[in-house]
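Note sheet for the following structure.
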There are 2 protein chains.
Amino acid sequence: MRILLVEDEKGLGGAIREHIASEGHAVDWFETLSDASASLTTTNYDLILLDLLLPDGHGLDLLTRIRSAKNSVAVIILTALDQISDRIRGLNAGADDYLVKPFDLGELSARIIAIQRRLYADGTGMLTLGSLSIDLTNKIILNDGAPANLSSREWAVLERLLRHKNSIVAKSVIEDALYEYGAEVESNTVEVYISRLRKKIGKTSIETIRGIGYRMKV
Amino acid sequence: MRILLVEDEKGLGGAIREHIASEGHAVDWFETLSDASASLTTTNYDLILLDLLLPDGHGLDLLTRIRSAKNSVAVIILTALDQISDRIRGLNAGADDYLVKPFDLGELSARIIAIQRRLYADGTGMLTLGSLSIDLTNKIILNDGAPANLSSREWAVLERLLRHKNSIVAKSVIEDALYEYGAEVESNTVEVYISRLRKKIGKTSIETIRGIGYRMKV
DNA sequence: ATAAACCTGACAGCAACCTGAACAGTCACT
DNA sequence: AGTGACTGTTCAGGTTGCTGTCAGGTTTAT
């Protein structure tokens with residue numbers, strides 16, 4: 001997933017970033033609301049980890065703006081304020097979940113996985129797609145019973161397609177899921193990964209929509 | 001296991017720390033609630049040993065906060081207050097066990113082992129994994145009937161993998177289980193232990209997930 | 001027919017990983 | 001104190017497998 005982290009404590013921010021990145025997500029980390037909202041205008045995130053007390057304002061303001069712009073990105077609030085009123089305000093403002101500091105990084109992972117599952121309607125974390133069985137949580141994929149080993153980049157592409165199965169996923173969207181801001185790629189990387197995926201999980205599952213992108217059929 | 005010890009009596013704290021460490025666990029020892037809860041934000045513990053009367057507050061406050069943050073880490077309370085009311089309050093607040101001071105270090109070990117068993121769903125302390133039979137309580141492992149002797153560090157790695165069998169265990173997670181905060185290791189220790197484990201219990205049981213960590217298959 | 005878009009095999013570079021070996025420290029036993 | 005077995009850590013050299021790029025072929029739209 002592509003994750004936006006807004007946290008001004010450098011120690012905690014670094015720890016979170018490293019932890020999430022090691023689980024295969026692309027993380028953009030900002031320490032202020034203004035930097036974060038600037039990045040929001042140009043990038044499509046799957047999840048925002050939002051601290052509330054920030055040097056240039058209160059995180060709930062950003063959340064309110066996000067929701068009033070009809071952006072349904074998942075948001076987990078990270079805050080030291082464990083008063084009930086703040087939790088309620090956060091959830092009312094449209095947060096999906098909250099974590100009270102201090103929290104355990106493993107707990108954060110669990111919440112992220114829960115969010116991730118919610119993105120795939122059924123909620124189990126298991127998917128069946130034709131002859132494919134996919135365990136998203138443990139990154140295991142069986143093609144007609146035979147295990148297929150996907151690299152982390154291949155998983156990222158597959159995940160992105162699964163999230164919008166039966167819908168068209170633009171090539172640029174896939175590219176954004178692969179690379180965080182900065183590292184730009186000039187060649188036909190996405191095509192190459194689609195090709196590699198097809199070789200591993202079967203040709204028929206991914207359809208090409210010429211000029212636009214790809215679609216994964218149920 | 002990675003264990004957080006909160007105890008302000010230096011003599012007792014040092015003794016506990018040394019005793020547990022000699023059994024292969026990584027121990028972080030703090031003498032105040034605030035230091036302990038700071039460490040909780042960045043580290044994944046398997047167990048907390050919690051004294052109640054501390055210089056900056058009462059241990060139950062920390063425990064309450066931990067549980068209200070939905071953190072399910074195991075907690076053993078260490079306290080000189082042997083009144084029934086305190087035990088009940090501790091267990092109500094979400095402690096897993098308690099020990100009344102003065103206690104025997106062997107008794108502590110026994111409680112830790114009990115906690116450890118509880119972490120492997122089945123509760124028997126015995127595991128079978130392909131041609132491996134593993135007795136967690138007595139640290140005996142049979143590879144196709146032939147006993148394999150594992151060092152304590154090797155056990156720590158194996159244990160960590162078994163706790164999450166069929167899931168991916170990040171290399172950093174294994175490292176955290178081996179080393180307490182501060183004593184950082186720069187070289188490829190985890191890889192070396194994985195290599196030694198494979199040599200002792202068979203190559204096939206531990207799978208490498210490149211760029212992330214390892215996975216133990218059932 | 002033509003150009004644009006796409007597919008895919010090949011490849012070099014590189015980071016991650018594996019593993020044998022060396023070495024100091026510890027422990028039990030003499 | 002000496003000895004030998006064992007452990008934890010580090011290092012170096014070899015291996016593996018991922019990644020991005022490209023070239024040349026194939027498909028599709030107009």
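FYI, side chains are in, hydrogens and waters are out, and symmetry mates aren't considered; it's all heavy atoms of this structure. Numbered from 1 within each chain, the chains take letters A, B, ... in sequence-line order.
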Counting just side-chain N and O atoms, does [X] come under 4.0 Å of either OP1 or OP2 of [N]?
X        : N      : answer
B/Thr189 : D/dG8  : no
B/Thr208 : D/dT16 : no
B/Tyr179 : D/dG8  : no
B/Lys199 : C/dG20 : yes
A/Tyr193 : D/dG20 : yes
A/Ser152 : D/dT19 : yes
A/Tyr214 : C/dC6  : no
B/Lys171 : C/dA16 : no

ask   = Ignoring hydrogens and geometry, is there a side-chain-to-backbone donor-acceptor pair from B/Ser39 to B/Asp35 under 3.5 Å?
value = no
With respect to the side chain of [X], which nucleotide from [options] is positioned closest?
X        : options                : value
B/Arg198 : C/dC7, C/dT19, D/dG20  : C/dT19
A/Ser151 : D/dC22, D/dT9, D/dC18  : D/dC18
A/Val192 : D/dT19, C/dC17, D/dC22 : D/dC22

query = More 5' along DNA chain D: A/Asn149 or B/Arg196, using each one's nearest nucleotide?
reply = B/Arg196
query = Donor-acceptor pair under 3.5 Å: do we get one between B/Arg210's side chain and the base of D/dT16?
reply = yes
Can you tell me the distance, in whole Å, between the [atom1] atom of [X] and the [atom2] atom of [N]?
X        : N      : atom1 : atom2 : result
B/Leu150 : D/dC6  : CG    : C1'   : 14 Å
B/Leu197 : D/dG8  : CG    : C1'   : 14 Å
B/Glu191 : D/dG17 : CD    : P     : 15 Å
A/Leu178 : D/dG20 : CG    : C1'   : 12 Å
A/Ile194 : D/dG20 : CD1   : P     : 14 Å
B/Ile174 : D/dG8  : CD1   : P     : 16 Å
A/Glu207 : D/dT28 : CD    : C1'   : 14 Å
B/Asn188 : D/dT9  : CG    : P     : 12 Å

inquiry  = Would you say B/Tyr193 and B/Ser151 are linked by a side-chain donor-acceptor pair, where the criterion is simply a distance under 3.5 Å?
reply    = no
inquiry  = Would you say that more than 12 heavy atoms from the other residues, nucleotides or ligands in this model lie under 6.0 Å from the CD of B/Glu207, or not?
reply    = yes
task = Could you tell me whether A/Asn44 atom CG has more than 12 heavy atoms of other residues or ligands within 6.0 Å of it?
result = no
task = Determine the contact category for A/Arg153: base if any of its heavy atoms lies under 4.0 Å from a base atom, sugar-phosphate if only primed atoms, P, OP1 or OP2 are that close, otherwise nothing.
result = sugar-phosphate
inquiry  = Within the structure provided, determine whether A/Ile77 and A/Leu63 are in side-chain contact (heavy-atom separation under 4.5 Å).
reply    = yes
task = With rounding to the nearest 0.5 Å, note down the distance linking CD1 in B/Ile66 to CG in B/Leu4.
result = 7.5 Å
